[in-house]
Structures are given as C-alpha cells and as structure tokens.
There are 2 protein chains.
Amino acid sequence: MDSNGTRNGPPRTSLADYVLEVLRERLATGVLQPGDHLAEPELAEDLQVSRGPVREALLTLQAEGQIEIRRHRGAFVSVLTSDDVEEVHTLREAIEVLAAERAATRLTAEHIARFDDILEAMKVTSGSVQPQEAVRLDLSFHDVIYEAADHLRLARVWQSIRSQVSFFLYTRNVNFPDFPTVGFPEHKELRDALCSGDPLRARQATADHLSGAYTRLSQLDLPPRT
Amino acid sequence: MDSNGTRNGPPRTSLADYVLEVLRERLATGVLQPGDHLAEPELAEDLQVSRGPVREALLTLQAEGQIEIRRHRGAFVSVLTSDDVEEVHTLREAIEVLAAERAATRLTAEHIARFDDILEAMKVTSGSVQPQEAVRLDLSFHDVIYEAADHLRLARVWQSIRSQVSFFLYTRNVNFPDFPTVGFPEHKELRDALCSGDPLRARQATADHLSGAYTRLSQLDLPPRT
DNA sequence: CATCTGCAAACTGTCAACAGTCTGAAGTCA
DNA sequence: TGACTTCAGACTGTTGACAGTTTGCAGATG
C-alpha cells in the first residue's frame with residue numbers, strides 16, 4: 001500500500017510516482033469507474049501534494065490510454081465501448097502471441113516455479129473464490145509470460161492495457177459463474193505449451209486461450225457502445 | 001512545419017503539444033542524437049515557453065520510451081542497442097501485421113489514392129533522392145496503413161516506436177546506397193496485397209516486407225550493444 | 001604527483017499564484 | 001411557460017520562484 005514508508009522526510013521515490021501508484025490502484029480495483037472526472041485540485045488535496053505531481057501522473061496515464069484529457073475540461077477515466085473491447089483483445093493477442101513465442105525459449109526454472117505456484121492457487125481455490133481474486137491470479141500468470149519474454153517494449157504495451165483487461169476479466173467473471181472451474185485447466189495447458197520449448201506451439205496455445213476468453217466476453221452486450 | 005500559425009496570440013493547441021511536436025521532429029531528423037541531454041531550462045528558453053509545458057512533453061516522450069528520465073539528472077535520448085533494434089522490429093511486425101489485416105477490409109478510395117500518391121513520389125525520385133526524404137515517404141506509406149486499420153490503440157503503439165523506426169531506416173539508407181531502387185517495388189507489392197481485400201495475403205505481404213528490411217539492417221553492426 | 005575534501009554552479013522536483021476557458025444556473029424577455 | 005442571455009464559480013494551462021540534489025572543479029593534503 002505504501003512503498004515509501006509513511007511519507008515523512010525526503011521521499012525515496014518522486015511524488016509523481018506516488019500519485020501514479022495510487023491512481024493505478026484505484027483504477028484496477030474499480031474505485032474509479034469509467035467516465036469519472038479526475039479534478040486536479042481535489043486529488044492534490046486528497047493526497048497532500050500540489051497540482052504539479054498530480055498533473056504528471058495524469059499525463060502518464062493518458063499516454064497509456066487509461067484516461068482522456070480534454071483541453072480545459074480535465075481528465076476522465078476512459079469509457080470502454082464494445083469497440084474498445086475488440087481493440088484491446090486484438091492488440092493483446094498480437095503482442096501476447098509474440099511474448100509467448102519468446103518466453104518458450106527463455107523460460108527459467110524460476111519462471112516455471114511461479115507458473116506452478118499460481119496454478120496451485122487456482123486449483124485450490126476452485127469452487128470458492130471471489131471474482132476479484134480470480135482476476136488477480138489470471139493477470140499474475142500472464143505477467144510471468146511477459147517477464148520471461150524479456151522484451152521491454154512489449155512489457156510496456158502490456159502494462160498500458162493491463163488494467164483494461166482486468167476490467168474485462170472482472171466483468172466476465174461476474175457474468176459467467178463458471179469462472180473458477182475454467183481458469184485452472186486453461187492455464188495448465190498454456191503452461192505445458194510454454195514449457196515444451198516449442199515457440200510455435202506456445203503461439204498457438206496462447207491464441208487459442210485468448211480467443212476463448214474473447215468469445216465468452218463478446219457474447220454479453222454489457223459494455224455500452226459509442 | 002508549424003501547425004499553429006506563428007505562435008502569436010492564444011495558441012489553438014496547448015504549448016505542451018507544441019513542444020512535443022518540435023521534439024518529435026528533432027528526434028526523427030537526427031538533430032537530437034542518442035545519449036544527448038535535454039535540459040529543461042535550455043529547452044524552455046529556446047522555445048520561449050516556461051518549464052511546465054517542457055516537462056509535460058518530456059513525460060510523454062518517456063512514456064513512449066524515446067527518452068529516459070533519471071531522478072535529479074534530467075532527460076536523455078534513449079541509446080539504441082542492437083537489442084533495441086530487435087525489440088522494435090519484432091514489436092513492429094506484431095502490430096503491423098494486424099494493422100494490415102484490418103486495413104485490407106477497410107480501405108477506402110481515399111486511402112488507395114494516398115498510397116498511389118506516395119508510390120508515384122517514390123517512383124519519380126528513384127535514383128536521385130536524399131536518404132531523409134526516402135525515410136519520410138516510407139513512413140508516410142505505413143502511416144496510411146495504420147490510419148486505414150481504424151484501431152486507436154494500435155496507432156498509439158505505432159506512434160511510440162515511429163521515430164525509432166525512422167532512425168533505423170535512416171541508418172539503413174545511409175549504409176545501403178541502393179535504397180532508392182528497392183523502395184518503390186516493395187511498397188508497390190504491399191499496396192497490391194492490401195487492395196486485394198484478402199486479410200491473409202495482406203498479413204503475409206507485410207511480414208515479408210518487414211523481415212526483408214530487418215535482415216538488411218541487422219547485417220551492419222553499427223548500433224552499439226548494451 | 002595522486003588523492004581527498006569542500007564548494008559553487010546548474011539543474012530537477014515541488015509549490016503557490018495568475019489568467020483564460022468552460023459549465024451550469026439564475027435571471028430576463030417574448 | 002419556454003428559450004435565450006448573462007454571470008458566477010470552478011477548473012485547467014501556464015508561469016515564476018524556492019529548496020534539495022547532483023556534478024565537476026579548485027584547492028588542500030598525504
């Protein structure tokens with residue numbers, strides 16, 4: 001929650017990073033909803049910093065596409081339409097297939113151990129797990145793939161759509177109560193493909209995994225359009 | 001060159017956007033070299049604005065990975081290693097193949113006309129063209145693909161690596177004097193594949209086009225490593 | 001001559017204040 | 001009653017100033 005200590009004395013990290021961290025947390029947990037208005041003075045007062053660092057954090061989030069800044073109107077949490085669902089999915093498939101291909105030949109024992117830890121947690125919690133926790137495990141699994149891919153720019157793109165993917169996964173879990181049972185086997189198969197060391201198999205498995213998730217999600221017309 | 005007029009009176013675009021535009025131009029044309037230090041007061045004096053907008057522009061460039069900001073040390077133009085060449089290429093292939101696939105079924109007559117205008121310019125200037133102008137035409141061609149793809153997030157990723165691609169293209173052109181002759185036929189074929197309306201053919205043509213450019217570039221060990 | 005210490009200049013991180021712009025509501029008129 | 005105008009409030013874009021940190025050089029010391 002507080003990576004810097006208690007915010008006394010000289011901060012080890014810049015205040016802008018602190019604000020950014022708080023806002024990322026609020027976006028991922030749903031405290032901030034799409035369409036919400038982010039007023040600089042309000043945030044500054046809330047976090048006990050001046051408007052400068054707040055502006056910097058907002059700029060970074062805009063570059064990632066998580067918020068939109070309109071001139072003289074302020075920052076708004078991006079509203080996700082059905083077109084956005086498609087954009088995020090297609091972009092994710094494009095980059096994650098590449099990440100998997102690279103990870104297949106770069107996996108270390110430590111990465112595999114992390115896979116297995118997450119899979120174990122998925123297996124154990126099957127049947128009785130909250131949607132939010134399932135999302136956390138799911139994303140953690142894919143984080144490991146990007147880490148193993150050892151590709152800075154790829155990781156940056158993933159970071160920029162990660163919280164939006166989180167939002168979609170959460171929506172899916174809430175609407176498809178079978179989520180605790182499908183998570184484990186799907187990721188287990190993905191793990192095996194990655195560990196096989198065969199880049200093409202890893203690509204294919206990732207494509208299958210993601211298209212499955214997308215078809216489930218696109219069935220419900222919950223996300224508003226344009 | 002100056003999208004706002006002459007910078008008098010109220011700017012139609014924000015000053016931060018103006019600074020960003022100037023810096024992008026300087027990065028793409030090589031006025032700013034990798035490793036160069038960007039001092040805020042100096043830039044502010046140079047562009048006749050205060051440090052605020054300069055900081056905002058630097059923040060955006062950092063989010064795109066074009067510069068690195070080190071605490072209390074300032075901003076430095078990213079140094080591109082051979083690993084970076086590979087990263088940029090693999091990421092570009094991943095997203096541009098998707099862009100081409102989408103563009104194939106979304107091309108309008110206006111897009112095709114733009115393709116043909118650029119191709120005409122490539123053909124006419126064959127034999128006597130400066131490396132810099134060849135790069136400009138090349139990038140313009142691919143800009144149209146991303147525009148036709150109608151995918152905001154894809155366009156954003158492209159924007160984030162565009163000036164780095166520009167740098168690589170320029171390096172290639174300087175070292176391979178045959179660049180005026182290969183540009184036209186390669187892009188002509190790409191145009192035909194896109195206009196065929198066949199997504200798979202567009203994908204394949206794009207992959208071929210990019211891998212050709214990469215193999216040429218990776219032959220020279222000019223970019224420093226680590 | 002080499003190494004260490006101390007200082008000064010420059011720069012970054014942060015803050016408070018000013019001016020211009022947009023929004024929404026109160027007030028006016030047909 | 002309904003639509004248009006006006007105005008006050010709030011917020012953003014921008015600026016200039018202050019404090020802390022880093023760097024590089026000059027001088028002292030072995």
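Order of the sequence lines sets the chain letters (A, B, ...), proteins ahead of strands, with each chain counted from 1.
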* Length of the line joining R55(A):CZ and dT15(D):P, which is rounded to integer Å -> 11 Å
* Indicate the ring-plane relationship of F76(A) and H37(A), choosing parallel, tilted or perpendicular according to the 30° and 60° boundaries. => tilted
* Look at the side chain of L15(B) and decide which nucleotide, out of dC15(C), dT14(D), dT12(C), has an atom nearest to it. => dT14(D)
* Mind checking whether W158(A) and H142(A) have parallel, tilted or perpendicular rings, split at 30° and 60°? -> tilted
* Asked: Base, sugar-phosphate alone, or nothing: which one does L43(A) contact when heavy atoms must sit under 4.0 Å apart?
  -> nothing
* What's the closest nucleotide to the R51(A) side chain, out of dG13(D), dT12(C), dT14(C)? -> dG13(D)
* In whole angstrom, give the distance that lies between atom NE2 of H37(A) and atom C1' of dG24(C). => 14 Å
* Asked: Among dT15(D), dC15(C), dT12(D), which is the nearest nucleotide to the side chain of S50(A)?
  -> dC15(C)
* Asked: Rounded to the nearest Å, what distance is computed from the CD atom of residue E56(B) to the P atom of nucleotide dT15(D)?
  -> 10 Å
* **Given DNA chain C, 5'-ward residue of the pair A75(B) and P53(A), judged by closest heavy atom** => A75(B)
* For the side chain of V49(B), starting at C-beta, report the closest nucleotide among dT15(D), dT12(C), dG13(D). => dT15(D)
* Asked: Below 4.0 angstrom, N of the basic side chain to O of the carboxylate: do R114(A) and D143(A) qualify?
  -> no
* Which nucleotide in the set dG13(C), dG13(D), dC11(D) lies at the smallest distance from any side-chain heavy atom of E40(A)? -> dG13(D)
* Selected nucleotide, minimal atom distance to H72(B) side chain, candidates dG13(D), dT15(D), dT21(D) -> dT21(D)
* Rounded to whole angstroms, how far apart are CD on E42(A) and P on dT12(D)? -> 10 Å
* Asked: What does L58(B) touch in the nucleic acid at a heavy-atom separation under 4.0 angstrom: a base, only the sugar-phosphate, or nothing?
  -> nothing
* To do: Using a strict cut-off of less than 4.0 Å between a Lys/Arg side-chain nitrogen and an Asp/Glu carboxylate oxygen, indicate whether R156(A) and E87(B) qualify as a salt bridge.
  => no
* Nucleotide dT21(D), atom C1' - distance to CZ of R73(B) in whole Å -> 11 Å
* **Length of the line joining D17(A):CG and dT12(C):P, which is rounded to integer Å** => 16 Å
* Looking only at N and O atoms, is any donor in the side chain of R71(A) or the base of dG20(C) less than 3.5 Å from an acceptor on the other one? -> no
* Asked: For G52(A), which contact category applies under a 4.0 Å heavy-atom criterion: base, sugar-phosphate, or nothing?
  -> nothing
* Just how far, in rounded Å, is C1' of dT12(C) from CZ of F76(B)? -> 11 Å
* Between dT22(D) atom C1' and I69(B) atom CD1, what is the distance in whole Å? -> 17 Å
* Test item: side-chain donor near acceptor, T206(A) and H209(A), under 3.5 Å -> no
